[in-house]
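The structure under discussion appears below in the form of structure tokens.
We use all heavy atoms of the structure for the numbers below, so side chains are in, but hydrogens, waters and symmetry mates are not. Because the structure is a prediction, the values reported are computed rather than measured. Count residues from 1 along the sequence.
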Amino acid sequence: MAEWKNFDCLAATKELEAAAKVDLTTAMAGEAGATRAKTYCVPMAEGLAFNYASRPVDDAIMASLQKFADEAELTDKFAELYNGAVVNTGEKRLVLHQLTRGQLGNTVTADGVDKRAFYVEQQTRIADFAKKVHSGEIANANGEKFTTVVQIGIGGSDLGPRAMYLALENWAKKNNAFKMEAKFISNVDPDDAAGVLNSIDVAHSLFILVSKSGTTLETLTNESFVKDALKNAGLDASKHMIAVTSETSPIAHSSDYLDAFFMDDYIGGRFSSCSAVGGAVLSLAFGPEVFAAFLDGAAAEDKTALNKDITKNPALLDALIGVYERNILGYPATAVLPYSQALSRFPAHLQQLDMESNGKSVNRFGEPISYVTGPIIFGEPGTNGQHSFYQLLHQGTDIVPLQFIGFKNNQAEMDVDIQGSTSQQKLCANVAAQIVAFALGKKDDNNNKAFAGNRPSSIIVGDKLTPATLGALLSHFENKVMFQGFAWNINSFDQEGVQLGKVLAKKVLAKETDGALTVYAQMLGI
């Protein structure tokens with residue numbers, strides 16, 4: 001078994017601390033920059049590539065990062081995870097989200113069942129249900145087809161599936177794979193549910209309640225909101241709702257739902273897009289074949305994460321450079337910048353994935369640590385972000401590493417030529433320009449117009465965003481977060497930090513408050 005040590009106890013960490021720093025204004029200039037841009041690139045699955053030429057590493061630092069990966073046994077720890085070890089030490093659970101999309105290692109048995117077989121069974125059941133909805137075999141009370149699917153969930157039950165749906169919506173419309181429009185209700189704020197309900201025809205809508213425990217307060221509150229709307233429309237709510245939950249939850253076998261599909265405790269919400277949580281809504285929206293292609297892309301990228309050679313393992317390399325930037329160079333945040341409108345909610349999903357996983361200040365054994373862990377994650381699609389927060393990125397006092405994502409072609413296959421170039425060419429020109437501008441900067445006698453440069457970035461490049469490339473992209477970032485958690489010797493798979501606020505909120509609602517909590521509750525009219 002791999003040995004778990006704190007980040008600051010590794011010999012390779014000391015070597016990284018002593019390494020000479022890379023000056024990107026020199027490394028990325030002229031022919032040297034051209035050579036780096038061509039060679040500092042790692043192939044990914046599904047035709048993607050991870051280019052890290054503008055990250056602050058050189059051959060010497062890369063060698064130290066390889067030593068770190070070997071000493072920390074990062075790929076060995078990944079092997080323990082996919083072979084069914086109890087990697088989630090906080091909750092004493094297995095971590096099996098990769099198993100929803102493929103068998104990387106040994107057969108994993110838990111709860112007396114083959115878990116890969118269990119996940120495939122749920123995917124098959126969802127596929128059969130979706131096909132019956134699309135054909136009209138499962139229809140509303142008047143025998144009419146459902147035209148809209150609405151997911152009711154919060155956190156990982158919303159952010160990932162919503163991001164994946166928006167990423168594939170235009171692709172599906174162009175490729176005759178668009179079956180049903182999808183909407184999402186997540187916030188307990190009644191304006192969220194009301195806004196969705198006011199935008200749909202409830203008589204032709206199918207609702208998915210997503211709650212692993214079947215007791216999530218915000219989700220059950222929104223379910224009641226939806227049930228009231230269905231009742232007010234003279235409709236039987238049980239004919240318009242399905243559930244995604246655990247087999248032991250109170251809603252698992254309820255007559256309040258047309259059907260129920262199951263997940264388990266071995267897949268955290270933020271890692272659940274490839275499970276029934278994402279599978280139900282994506283299969284209904286686009287068809288089960290599209291969801292299967294998405295899973296295949298994720299599985300293909302997972303396989304690249306097995307390689308011990310960091311130059312052939314893009315997720316591990318991305319993770320290690322990120323650790324170097326965070327712990328050695330002291331950069332506090334990372335911006336995720338997709339130059340693709342389809343990925344408009346992808347940064348929000350990665351924000352939860354990364355910050356909920358690696359926002360920890362104790363190690364896997366509950367001991368306080370003396371080094372920083374997960375960075376702040378934020379982002380927005382380009383070119384919109386350029387006209388928003390790039391000012392700080394270029395000339396602010398903090399250096400923020402950047403992770404660009406770009407595609408040569410758009411999904412809609414529609415474009416217009418203006419002033420000698422198409423919209424897609426303008427988009428791609430902007431991301432290419434930003435990489436170089438951040439790295440090299442610009443000298444100017446007027447300090448207000450001077451750019452210091454040395455702002456690191458990387459880019460994942462592909463031909464077009466498709467179900468398979470989206471799956472590969474998701475897998476890359478999931479595995480990056482996992483490897484960084486291993487490097488910091490923290491548990492990336494629990495989230496105790498979300499619990500305290502929930503406990504206090506229940507006290508407010510039960511009128512069991514004192515001190516400042518009472519004052520704030522009164523201030524807000526409770």
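Looking at heavy atoms from C-beta onward, Glu325 lies in side-chain contact with Pro56 at the 4.5 angstrom threshold. Val336 is listed as a side-chain neighbour of Ile377, based on a closest heavy-atom distance under 4.5 Å. A heavy-atom distance below 4.5 Å is found between the side chains of Ser186 and Asp192. No side-chain heavy atom of Val87 sits under 4.5 Å from any side-chain heavy atom of Leu94. Side chains of Ile152 and Val226 form a contact here, defined as non-hydrogen atoms less than 4.5 Å apart. Ser213 is not listed as a side-chain neighbour of Ser249, based on a closest heavy-atom distance of 4.5 Å or more. With a 4.5 Å cut-off on side-chain heavy atoms, Lys212 and Asp265 count as touching. Residues Ser340 and Ile405 fail the side-chain proximity criterion, which asks for heavy atoms closer than 4.5 Å.
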Exercise for the section: Quick one: do Phe451 and Phe438 satisfy ring-ring contact (aromatic ring centres under 6.0 Å, His included)? Show the steps, please. Expected result: CA-CA 8 Å; Phe451 295 73; Phe438 278 116; 8.9 Å; no

Problem - Worked verdict on Ser492 versus Ser357 for side chain to side chain donor-acceptor pair (under 3.5 Å) - result: CA-CA 4 Å; Ser492 301; Ser357 295; 5.5 Å; no

Practice task
Check the pair Phe483 / Phe78 against ring-ring contact (aromatic ring centres under 6.0 Å, His included), numbers first and verdict last.
Solution key: CA-CA 8 Å; Phe483 281 129; Phe78 182 31; 5.8 Å; yes

Exercise for the section: Applying side-chain contact (heavy atoms from CB on, under 4.5 Å), run through Asn489 and Ile369 and close with a yes or a no. Expected result: CA-CA 9 Å; Asn489 195 27; Ile369 52 179; over 6 Å; no

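Looking at Arg125 and Asp259, a side-chain N of the basic residue comes within less than 4.0 Å of a carboxylate O on the acidic one, giving a salt bridge. Using a 4.0 Å cut-off between charged nitrogen and carboxylate oxygen, Lys115 and Asp264 count as a salt-bridge pair. Using a cut-off of 4.0 Å between Lys/Arg side-chain N and Asp/Glu carboxylate O, Lys227 and Asp256 are scored as salt-bridged. Ion pairing of Glu3 with Lys77 is absent here, as no side-chain N (NZ or NE/NH1/NH2) approaches a carboxylate O to less than 4.0 Å. Of the charged side-chain nitrogens involved, none lies within less than 4.0 Å of a carboxylate oxygen, so that Glu496 and Lys360 do not count as a salt-bridged pair.
Counting only residues at least two apart or in different chains, ring-ring contact (aromatic ring centres under 6.0 Å, His included) contacts with residues 232-256 comprise Phe146-His240, His253-Phe262. Residue pairs meeting the ring-ring contact (aromatic ring centres under 6.0 Å, His included) criterion with at least one member in residues 187-224, sequence neighbours excluded, do not occur. Judged as a side chain to side chain donor-acceptor pair (under 3.5 Å), the pairs with a partner in residues 517-526 (not counting sequence neighbours) are, in order, Thr513-Thr518. Screening residues 501-526 for salt bridge (charged side-chain N to carboxylate O under 4.0 Å, His left out) gives no qualifying pairs among residues at least two apart or on separate chains.
Residues satisfying the ring-ring contact (aromatic ring centres under 6.0 Å, His included) criterion with Tyr257, sequence neighbours excluded, are absent altogether. For the side-chain hydrogen bond (donor to acceptor under 3.5 Å, both in side chains) test, no residue two or more places apart in sequence or in another chain qualifies with Gln151. Not counting sequence neighbours, the partners of His97 by the ring-ring contact (aromatic ring centres under 6.0 Å, His included) test are Phe271. Scored by the ring-ring contact (aromatic ring centres under 6.0 Å, His included) test, Phe404 finds Tyr339 as partners (sequence neighbours excluded). Scored by the side-chain contact (heavy atoms from CB on, under 4.5 Å) test, Ala276 finds Ile126, Val244, Phe261 as partners (sequence neighbours excluded). In this structure Tyr119 satisfies the ring-ring contact (aromatic ring centres under 6.0 Å, His included) test with no other residue, sequence neighbours excluded. Taking Gln495 as the reference, Glu91, Arg270, Glu356, Val498 meet the side-chain contact (heavy atoms from CB on, under 4.5 Å) condition, with sequence neighbours excluded. Among residues two or more places apart in sequence or in another chain, the side-chain hydrogen bond (donor to acceptor under 3.5 Å, both in side chains) test is passed with Ser64 by Glu15.
Around the CZ atom of Arg364, the shell of radius 6.0 Å holds more than 12 heavy atoms that belong to other residues, nucleotides or ligands. More than 12 heavy atoms of other residues, nucleotides or ligands shown are found within 6.0 angstrom of NZ on Lys21. Atom CE of Met523 has more than 12 heavy atoms from other residues, nucleotides or ligands within 6.0 Å.
The only option from Phe486, Trp488, Phe7 that meets the ring-ring contact (aromatic ring centres under 6.0 Å, His included) definition with Phe68 turns out to be Phe7.
Rounding to the nearest 0.5 Å gives a distance of 8.0 Å between CD1 of Ile251 and OG of Ser254. With rounding to the nearest 0.5 angstrom, the CG atom of Leu74 is 12.0 Å from the CG atom of Asn479. Distance check: Met241 CE to Leu230 CG gives 7.0 Å after rounding to the nearest 0.5 Å.
Donor-acceptor pairing under 3.5 Å is recorded for the side chains of Gln403 and Asp318.
Lys480 forms no cation-pi arrangement with Phe477, by the criterion of a distance under 6.0 Å to the ring centre and an angle within 45° of the ring axis.
The two residues Pro250 and Thr215 have their closest heavy-atom pair at CG-CG2, 4.3 Å.
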